[in-house]
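Just below is one structure, and these are the notes that go with it.
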Amino acid sequence: QQPVQSPQAVILREGEDAVINCSSSKALYSVHWYRQKHGEAPVFLMILLKGGEQKGHDKISASFNEKKQQSSLYLTASQLSYSGTYFCGTEGSGGSNYKLTFGKGTLLTVNP
Amino acid sequence: GAGVSQSPSNKVTEKGKDVELRCDPISGHTALYWYRQSLGQGLEFLIYFQGNSAPDKSGLPSDRFSAERTGGSVSTLTIQRTQQEDSAVYLCASRGSNTGELFFGEGSRLTVL
């Protein structure tokens with residue numbers, strides 16, 4: 001089952017913050033986040049494996065609420081280089097592990 | 001090579017022809033995934049392999065689509081009797097462990113005239 005992402009698109013000015021949400025109707029084993037720039041392949045950002053775990057890299061972090069089957073990606077003090085489409089991918093628990101299904105994506109535009 | 005390699009990078013074909021798309025995963029990666037991305041759309045899951053086996057083929061759109069993987073390495077996605085709605089970028093990704101990240105290739109852009 002495909003996860004649902006929101007918002008579909010967001011426009012920021014450089015330095016502003018953004019949150020992208022991802023939710024699933026199924027129990028989750030893991031959540032992945034990737035960023036894809038126009039004409040390029042998706043690039044890995046992070047994986048979250050445990051409920052409530054928060055990971056971060058530089059000014060991009062994410063949380064995973066296993067009970068609610070939700071994850072959020074936090075981008076703080078956005079930079080121009082953050083522009084792109086962000087995808088969350090989910091793996092279900094119990095039997096459907098390793099099948100990674102992606103949401104439709106969130107288009108993030110950061111303007112000067 | 002160091003990354004996932006896909007070929008051809010671009011393929012233009014006529015409606016009704018068969019096409020084969022190839023994926024060379026990162027050496028040693030046991031899991032391999034195929035996704036389809038239509039213009040402005042998300043990543044549509046097609047199929048994934050664990051070794052040479054495909055535990056889940058549920059994403060293949062029709063029986064015109066098939067995929068195989070040999071030697072735990074190279075995979076081929078075959079589309080028979082192509083239709084215009086098959087036009088998309090076909091992305092392959094490989095994974096070194098069950099908790100690892102996916103490494104994507106640059107994709108094969110298929111255009112069906």
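Here is how names work: the chains are called A, B, and so on, in the same order as the sequence lines, proteins then strands, and each is numbered from 1. Just so we're clear, the structure is a prediction, and the values are computed from it rather than from any experiment.
The shortest non-hydrogen separation linking Q37(B) to Q36(A) is NE2-OE1, 2.9 Å.
Residue L73(A) is not grouped with residue L107(A) when hydrophobic side chains (ILVMFWY) are merged at heavy-atom distances under 4.5 angstrom, including chains of intermediate members. Hydrophobic cluster membership differs between L48(A) and V43(A), with clusters built from Ile, Leu, Val, Met, Phe, Trp and Tyr side chains linked at under 4.5 angstrom.
Here the side chains of S58(B) and K99(A) are in contact, with some heavy-atom distance below 4.5 Å. Under the 4.5 Å side-chain criterion, counting only non-hydrogen atoms from C-beta, L100(A) is in contact with Y33(B).
There is no side-chain donor-acceptor pair under 3.5 Å between Q2(A) and E44(B).
Around NZ of K15(B), the count of heavy atoms belonging to other residues, nucleotides or ligands within 6.0 Å does not exceed 12. At most 12 heavy atoms of other shown residues, nucleotides or ligands fall within 6.0 angstrom of atom CD1 in I11(A). The neighbour count for L113(B) CG, taken as heavy atoms of other residues, nucleotides or ligands under 6.0 Å away, is above 12.
Contacts of L91(B) with chain A are made by side-chain atoms alone, with heavy-atom separations under 4.5 Å and no backbone atom involved. Within the 4.5 angstrom heavy-atom criterion, atoms from both the backbone and the side chain of F104(B) approach chain A. With a 4.5 angstrom heavy-atom cutoff, Q5(A) does not touch chain B via any of its atoms.
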- Could you give me the CA-CA distance, side-chain angles and deciding distance for F44(A) and L102(B), then say whether side chain to side chain contact (heavy atoms under 4.5 Å, CB included) is met? CA-CA 7 Å; F44(A) 170 77; L102(B) 265 61; over 6 Å; no
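For the ring-ring contact (aromatic ring centres under 6.0 Å, His included) test, residues two or more places apart in sequence or in another chain that qualify with F102(A) are Y34(A), Y35(B).
Cluster partners of L77(B), using a side-chain heavy-atom cutoff of under 4.5 Å among ILVMFWY residues and allowing indirect links, are V19(B), L21(B), L32(B), W34(B), L46(B), I47(B), F49(B), L60(B), F65(B), I79(B), Y90(B), L110(B), V112(B).
The most heavy-atom pairs under 4.5 Å with chain B, out of A41(A), P42(A), G105(A), come from P42(A).
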